[in-house]
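Worksheet: one structure, shown below.
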Amino acid sequence: MHFNLEYNNIYYMVITDALTQAVAAALKSLYGIEQEAGSIQLQDTRKEFAGDYTLVVFPYVKQARKSPEAVGSEIGEEVKKNLAEVSGYNVVKGFLNFEIADAYWLRFVGERAGESRFGLVDAGKDDIPVVVEYSSPNTNKPLHLGHIRNNLLGWSVSRLLEATGANVKKVNLVNDRGIHICKSMLAWQRYGGGETPESSGMKGDHLVGKYYVEFDKHYKEEVKHLMESGVEEEQAKKEAPIMQEAQAMLKRWEEGDAEVRALWEKMNGWVYKGFDETYARLGVGFDKIYYESNTYLLGKELVQKGLDMGVLFRKEDGSVWCDLTADGLDQKLLLRRDGTSVYMTQDLGTALLRHKDFGAERLIYVVGNEQDYHFKVLKLILGKLGFEWADKVYHLSYGMVELPSGKMKSREGTVVDADDLIDEMEKTAEEMSRERGKNDELTPEEQQHLYHILALGALKYFILKVDPTKNMLFNPAESIDFNGNTGPFIQYTHARIRSIVRKAGEWKVDNWNVAMNEKERGVVKILHALPATLQQAAAAYSPAMVANYAYDLAKAFNSFYQDTPILKEENAEVKQMRIALCQFVANALKNTMDILGIEVPERM
RNA sequence: GGCUCUGUAGCUCAGCUGGAUAGAGCAACUGCCUUCUAAGCAGUAGGUCCUGCGUUCGAGUCGCAGCAGGGUCACCA
C-alpha cells in the first residue's frame, strides 16, 4: 500500500493527515487494531529528540501484546515503507518519532511562499452571516481600558472568523438612553453654564463624562445631608432631590418631551463624535449600529407569544415571568407589573431583530463575564420561545481588566481612560523610535504613522495575547513593553524581513534540491501549522492563540536569521530558498497580525 | 449562602482534545553589532504547577473534597 499526499480541499497537502492514515493502516495490518485515522493524535516532536512528529504508542501496547519499543519500531518501519515523505524514525521509550524528508518541506515552501493569503479561507459572501456584537458603550462617559479590551476582542474575533471563512457582520448596540445619560444631562443643565466641546476644547464624550461625575458629587452630598438629618441610607438614596429630578427627566424623555429630547440629542451627538474618534484610533468599526432608544421597546410581542405558548406566565400583580427552575436557575422577570420591559426583554427583541436583519443564525455577543448569567438565561428563553437558532447564540465572555488596586470603577475615578492611554503609548513609541534613530529618512507623516501603528501594536498585542476568558492585570505604573513578547517585536521582525526581500529583488521557485538546517526546518514547521492553528483559534474564539502563534513564528525566524546568511549565501539555490522562506514568514506575520488588528510596517 | 470562573518562576502570561526532563517575556546576571535592521540573538539563575485524595501505563491538564481570590444571584443595564 502506498499513500499519496493529496491536496486537502481547503488548504494544502498535509503530511500529518498522510501520517495518521499510514499509522491507522499499520495498526490494522500489524495488530488488527481498528483505529480511525482522524482519531490518531500526533504531536510535535520535542526539540531534544530527533524527528518532526511523534506518535505515542502506549495506547496500543496492550492490544499489540508487545513492548512499547517493539510496537514503536514495527509501526515506524511499516509507515516508512509506505510513505515516501517519511525519511526515518526513531523510538524512545513509548514514543515513535517520525522524521520528514526535506523534500517535503522544500516543496511546501516552494508552492506556498508566494501566496499572499496562505492559511486564510476566503469569506463566503453568500453564506449565512454570523453577527458579532461588541463595544456596546453607554453614552454617559468616555471609553476606558475595559472597553478597549472589548473592542479589540470584538474586532479581532470578527477578523478571525472571516479568516476561517465566515461571513461576519459586526454590530454595535449603543446604550443611549436611561437614567445614566439623564444624570449627565441634568448636571450639565444645572452646572454647565452652556459649556460645549467647542467652548471648552474638550472631547465630547469626556465633557459629558465630566458632568456624570459632577452629578455623582452633588448626589453624594445630598445623601450625606439627608442622613445627617436622620434619614436611613436606603431612603436617602431614593429621596435625594437631584436623583428624583433625574428620574423625572427620564420620564419626560420617555414621554417625548421636546426640550429633554433636544438636550439628549445634543449631548449624545457630542459623545458619538468623541467615540468615533476613539474607534478610528483603535481601528475598529461596524457594519451596523443599533441604538437602544430604538430597540428598548422590542421584545414585548415576544412576551405575548411566550404567554400564548405557555412558556411564560403572568403573576397576580400583572408582571410576566419565565420559570427556569427546571434548568437549575430562578424565575426571570420579563415585564414589570406596570407593563414596562427590562433589559432581558429588549435583548430577546434585539436578538430576533438581528436574526431578521441579517438572516443570521449565529449571534455572537462580546460581553464581559459579569453577564454570564444574563446570557445563559437569554439563550434558554430564546430556546423556549421556539427559535431553533437559539443554540447558536454564543456569549464570548471575557474577563475584566484589573488594576493593581483591583477593579476599575468609573465613579471612583480609578479608570484608565482609553484616549489617555493611546496618547501615552504614541508618546512612548515616538521616544523609543527616536532613540534608535533608524527612521530619520522617513517623512514626518510616515514617522507619525509609524509611531501610531507601533503604539497600537504594543497595546493591542498586550491585551489580545491573554486568553480572553481570563481576567488580566494592567499596571499603569509600568508602561507596556516594546521588547520581548510584544507587538513591536513582531512588527520589527516583519520590517527586517521586508528589508531583506526588497534587497533580494525577484526570487523564483525552483525544484530546490538542497539540505535544510535545523533553524530553517523549525521555521517551516511553524508555517506549516498556520491553517490548523487558525482553525483551532476560531473554534475557541481566541485571538490569543493567533498572537502566540505569531510570536512563536517571529521568534523562530529571528533565531534562524541570526546565524544563517541569506543574501550573502553563496549557493544560489540555497539563497533562493531562504529568500522564499523569508517572504513566506513575512506574509504569515502580516496576516496573523492583521487578524489581531495590528498593522505591520515595511521598515522601522 | 447558591451558582460560576480562576489559582503555573519575584512579576505578567503560554501550555491544543491527558504523554518524554513544565515553557516564554519582564526584572537580575554573562556574552554577541567594521558583516542581510541589536525593538535582535545566545546563555546563567529562578518551579511543592494552591493543598489532599482519586481515575490512568502516564495528571499542570480529568473527577471529588478543601483553601484562597474574582464574578453573579435586582420590577438596574
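Quantities reported herein were computed from a predicted structural model and do not represent experimental measurements. Naming: A, B, ... by sequence-line order, numbering from 1 per chain.
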Integer angstrom distance from the C1' of B/rA38 to that of B/rC33: 6 Å

Quote, to the nearest angstrom, the C1' distance that separates B/rG15 from B/rA59. 14 Å

OP1 or OP2 of B/rA77 sitting under 4.0 Å from any side-chain N/O of A/Tyr343? no

Does a nitrogen or oxygen in the side chain of A/Lys47 sit under 4.0 Å from OP1 or OP2 of B/rG23? no

Among B/rG25, B/rC41, B/rA20, the one nearest any side-chain atom of A/Phe49 is B/rA20

Answer yes or no: does a side-chain N or O of A/Lys503 lie under 4.0 Å from OP1 or OP2 of B/rU37? yes

For the P atoms, the ones on B/rU44 and on B/rG23, what distance do you get once it is rounded to whole angstrom? 13 Å

Please state the C1' separation for the pair B/rC49 and B/rA24 - nearest whole angstrom. 16 Å

Taking for A/Tyr561 and for A/Asn548 the nucleotide of RNA chain B with the nearest heavy atom, the one nearer the 5' end belongs to A/Asn548

State the syn/anti category of B/rC73 according to its glycosidic angle, syn meaning within 90° of 0. anti

Need one value for A/Ser433: base, sugar-phosphate or nothing, where a base atom within 4.0 Å counts as base even if backbone is also close, heavy atoms only. base

Calculate, to the nearest 0.5 Å, the distance between atoms CG and CG belonging to A/Asp347 and A/Leu173 respectively. 7.0 Å

Below 4.0 angstrom from OP1 or OP2 of B/rC3, is there any side-chain N or O of A/Lys376? no

Tell me which of A/Phe474 and A/Lys332 sits closer to the 5' end of RNA chain B, going by the nucleotide each one is nearest to. A/Phe474

What is the nucleic acid contact for A/Glu435, judged by heavy atoms within less than 4.0 Å: base, sugar-phosphate only, or nothing? nothing

Look at A/Lys470 and B/rA14 and indicate whether a side-chain polar atom (N or O) is within less than 4.0 Å of OP1 or OP2. yes

Using a heavy-atom cut-off of under 4.0 Å over every strand shown, decide if A/Asp44 touches base, sugar-phosphate, or nothing. nothing

What's the CD1-P distance between A/Ile463 and B/rA14, to the nearest Å? 14 Å

Does A/Arg496 make a side-chain N or O approach to OP1 or OP2 of B/rA38 shorter than 4.0 Å? yes

Search all heavy atoms of A/Tyr291 against all heavy atoms of A/Asp176 and return the closest pair with its distance. CB-OD2, 3.5 Å

Ignoring hydrogens and angles, tell me if any N or O in the side chain of A/Ser542 forms a donor-acceptor pair with the backbone of A/Ala538 under 3.5 Å. no

Counting only side-chain N and O atoms of A/Arg46, is one of them less than 4.0 Å from OP1 or OP2 of B/rG23? yes

Mind checking the P distance from B/rC62 to B/rU4? Whole angstroms is fine. 15 Å

Provide the distance between the two C1' atoms, one in B/rC29 and one in B/rA45, to the nearest whole Å. 8 Å

Does A/Arg177 place a side-chain N or O at less than 4.0 Å from the phosphate oxygens OP1/OP2 of B/rA77? no

Is the shortest side-chain N/O distance from A/Arg436 to OP1 or OP2 of B/rA39 below 4.0 Å? yes

Using a cut-off of less than 4.0 Å, is there contact between a side-chain N or O of A/Ser559 and OP1 or OP2 of B/rC41? no

For nucleotides B/rC50 and B/rA68, find the distance between their P atoms and express it as a whole number of Å. 16 Å

Could you tell me how far B/rG40 sits from B/rC3 if I compare only their P atoms? Round to whole Å. 48 Å

